[in-house]
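Beneath this line is the structure, given in C-alpha cells, with notes to follow.
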Number of protein chains: 2
Amino acid sequence: MSGTDTNVPHLLSHPLPAPVPVGELAACPVADVLHRVGDKWSVLVLVLLGRRPYRYNELHRGIEGISQRMLTRTLRGLETDGLVARTVHPSVPPSVEYDLTPLGRSLLGPLSALAEWAVRHGDEIAAAREIQLRT
Amino acid sequence: MSGTDTNVPHLLSHPLPAPVPVGELAACPVADVLHRVGDKWSVLVLVLLGRRPYRYNELHRGIEGISQRMLTRTLRGLETDGLVARTVHPSVPPSVEYDLTPLGRSLLGPLSALAEWAVRHGDEIAAAREIQLRT
DNA sequence: CGGAATCCCATGTGATACTG
DNA sequence: CAGTATCACATGGGATTCCG
C-alpha cells in the first residue's frame, strides 16, 4: 500500500514541522472515511461481508448485539458510500443479499492494518485507561 | 506486552465463511480503536503531533475550526488511551506541550495506510454519494 | 496561556412494535 | 424475510463565558 507511492502525498509519514494549518487535512477525506468506518458497527459489517455475501437476517444473527434499526442504517450508509451492494432476488419469500463492492473490498487492506495494530496494542490502551481510572 | 505475540490472526484477510458469530470481533478492540480515532478531530491531532510536539494554543491555531472544548476533550481522550503525552513546563507563563507517545507513534503507520486509501478513493465515495442524492 | 463550566443542539444508538 | 416507525436516551460537538 505504501509501496506504490507515486503521486499520493504521505500525509502522515513525513516528520517535518507543519508550515501551514491542516486545512490540507481537514479538506482531505481522511477524517471523513474515519468517521464513516468509525461508528459502532460498520467495520464489523465490512469484515463479515469481506468473507462472503450475507443476507439481512444472516447478518443480524452474525453480529451479536446489533439492533435491526442499526443494521439497516449501517447497511444503508455503506451502500450510499458505494462500499456495499444490495441485491434483491425476486423470490418467494424475497431474499436480499449484501456484498462488498470492489471499492469496499479495497478498503479491507488498510482496515486490516489498523485491525492488526488494534489487536497488538489493544491491551496497552486498556492498561492506559485503567491507570486513568484509579487516579 | 503483546509484543511477543507473533501469530496475530488476520481478522480481515481470510475469505473463509464465518463459522461463528463475530463475538470474536465485537470482543476484539478493532471497533474500539476505530471509534476512538473515528471522531471528528482525533486523527488531525495525531497527524500534527506526528510531526513534532505542539503547545495547546499552537494546536488550536493549527487545526482550523476546532473549538477549545473539543481540542481539550480530544487531547484528554488520546491521553487517557496512552496515545498522547502531556508535559507541563513550570515557567511563567506556564507552557504545556503535547507529544505522541511511542504507542501513539506506532499508530501512525496503520493510520497512514487508511489515509492513503482515503485519498485515492475519496472521490469514488463522493461520487457514490452524489448518485444517491439525485434519486 | 491553558484551560474549565455551562448551555444548547445534532446525531448515534437502542428498545419496541408493526408491516408487505 | 426484510425491513419501517416511533420513542427515548446517551454522546458528540459548538458557542460562550469565566478562571488561575
Side-chain angles (χ1 to χ4, degrees), chain A residues 21-22 25-26 31-46 48-49 53-81 84-99 129 132 135, chain B residues 21-22 25-26 31-46 48-49 53-81 84-99 129 132 135:
Chain A
V22 276
L25 277 168
D32 246 29
V33 170
L34 263 301
H35 206 241
R36 133 69 53 233
V37 178
D39 65 6
K40 195 170 179 180
W41 304 108
S42 288
V43 60
L44 296 176
V45 171
L46 288 175
L48 270 194
L49 293 183
Y54 272 77
R55 296 177 58 174
Y56 182 85
N57 278 333
E58 206 176 4
L59 281 173
H60 194 207
R61 286 187 300 268
I63 303 176
E64 211 161 348
I66 196 173
S67 63
Q68 281 192 334
R69 171 185 162 86
M70 283 316 296
L71 177 56
T72 299
R73 286 184 51 140
T74 302
L75 287 169
R76 290 288 180 275
L78 295 172
E79 198 189 345
T80 299
D81 285 0
V84 162
R86 177 177 183 269
T87 310
V88 181
H89 294 97
S91 55
V92 181
S95 84
V96 180
E97 205 175 61
Y98 292 93
D99 196 2
R129 283 182 184 161
Q132 299 297 325
T135 56
Chain B
V22 276
L25 276 167
D32 246 28
V33 171
L34 262 300
H35 207 230
R36 133 70 53 231
V37 178
D39 65 7
K40 195 172 180 180
W41 304 109
S42 288
V43 60
L44 296 176
V45 171
L46 288 175
L48 270 194
L49 294 184
Y54 272 77
R55 295 177 57 176
Y56 182 85
N57 278 334
E58 206 176 4
L59 281 173
H60 194 207
R61 286 187 300 270
I63 303 177
E64 211 161 349
I66 196 173
S67 62
Q68 281 191 336
R69 170 186 162 86
M70 284 317 295
L71 177 55
T72 300
R73 287 183 49 144
T74 302
L75 287 171
R76 292 286 180 277
L78 295 172
E79 199 189 345
T80 299
D81 286 0
V84 162
R86 177 177 183 268
T87 310
V88 182
H89 295 95
S91 56
V92 181
S95 84
V96 180
E97 205 175 61
Y98 292 93
D99 195 2
R129 284 182 183 162
Q132 300 297 324
T135 56

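Computation of the quantities below employed the complete heavy-atom set of this structure, encompassing side-chain atoms and omitting hydrogens, waters and symmetry-equivalent molecules. Residue numbering restarts at 1 for every chain, and letters A, B, ... go by the order of the sequence lines. In this text the structure is predicted, and so the values were computed from the model without any measurement.
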State the [atom1]-[atom2] distance between [X] and [Y], to the nearest 0.5 angstrom.
{"X": "B/D81", "Y": "B/R76", "atom1": "CG", "atom2": "CZ", "answer": "13.5 Å"}
{"X": "B/L48", "Y": "B/L44", "atom1": "CG", "atom2": "CG", "answer": "7.5 Å"}
{"X": "A/D39", "Y": "A/L34", "atom1": "CG", "atom2": "CG", "answer": "11.5 Å"}
{"X": "A/Y98", "Y": "A/L59", "atom1": "OH", "atom2": "CG", "answer": "8.0 Å"}
{"X": "A/D32", "Y": "B/K40", "atom1": "CG", "atom2": "NZ", "answer": "10.5 Å"}

Do you know which two heavy atoms are closest between [X] and [Y], and how far apart they sit?
{"X": "A/S91", "Y": "A/S95", "value": "OG-N, 3.7 Å"}
{"X": "B/H60", "Y": "B/I66", "value": "NE2-O, 3.1 Å"}
{"X": "A/T74", "Y": "A/W41", "value": "OG1-CB, 3.8 Å"}

Item to complete: State which residues pass side chain to side chain contact (heavy atoms under 4.5 Å, CB included) with A/R69; sequence neighbours excluded, sorted by chain then number.
Response: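 Expected list: A/S67, A/R73.
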Discussion item. Angle between the end axes of the helix from C/dC1-D/dG20 to C/dG20-D/dC1, five pairs per end, to the nearest 10 degrees?
Written reply: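 Taking five pairs per end, the axes differ by 50°.
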Worksheet item: Can you list the steps and then say if B/I63 with B/V45 is a side chain to side chain contact (heavy atoms under 4.5 Å, CB included)?
Response: CA-CA 8 Å; B/I63 303 177; B/V45 171; 3.5 Å; yes
Worksheet entry | B/R36 side chain vs B/G77 backbone, donor-acceptor pair below 3.5 Å |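 Here the side-chain-to-backbone pair exists.
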Worksheet entry | Residue-level proximity of residues 84-92 of chain A to DNA chain D when a heavy atom falls under 4.0 Å |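 Under 4.0 Å from DNA chain D: A/R86.
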Whole-Å distance between [N] [atom2] and [X] [atom1]?
{"X": "B/H35", "N": "C/dG12", "atom1": "NE2", "atom2": "C1'", "result": "8 Å"}
{"X": "B/R73", "N": "C/dT6", "atom1": "CZ", "atom2": "P", "result": "14 Å"}
{"X": "A/R36", "N": "C/dT11", "atom1": "CZ", "atom2": "C1'", "result": "13 Å"}

Practice prompt. For nucleotides 14-20 of chain C, just jot down a letter per nucleotide in 5' to 3' order: B, S or -, based on protein non-hydrogen atoms under 4.0 Å.
Written response: BB-B---
Discussion item. What is the first contacted nucleotide of DNA chain D and what is the last, in 5' to 3' order, if contact means an atom lying under 4.0 angstrom from a heavy atom of chain B?
Written reply: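 Nucleotide range in contact with chain B: D/dG12 to D/dA15.
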Practice prompt. Would you check, one step at a time, whether the test side chain to side chain contact (heavy atoms under 4.5 Å, CB included) holds for A/Y54 with A/L49?
Written response: CA-CA 6 Å; A/Y54 272 77; A/L49 293 183; 3.7 Å; yes
Discussion item. Checking A/Q68 now: which residues fulfil side chain to side chain donor-acceptor pair (under 3.5 Å) with it, not counting sequence neighbours?
Written reply: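 Side chain to side chain donor-acceptor pair (under 3.5 Å) check on A/Q68 returns nothing, list empty.
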Worksheet item: Side-chain N or O of B/Y54 less than 4.0 angstrom from OP1 or OP2 on C/dC1?
Response: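 Negative; the distance criterion is not met.
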Practice prompt. Give A/R55 one of three labels, base, sugar-phosphate or nothing, depending on what nucleic acid heavy atoms sit under 4.0 Å from its own.
Written response: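 If one applies the 4.0 Å heavy-atom cut-off, A/R55 turns out to touch the sugar-phosphate alone, with no base involved.
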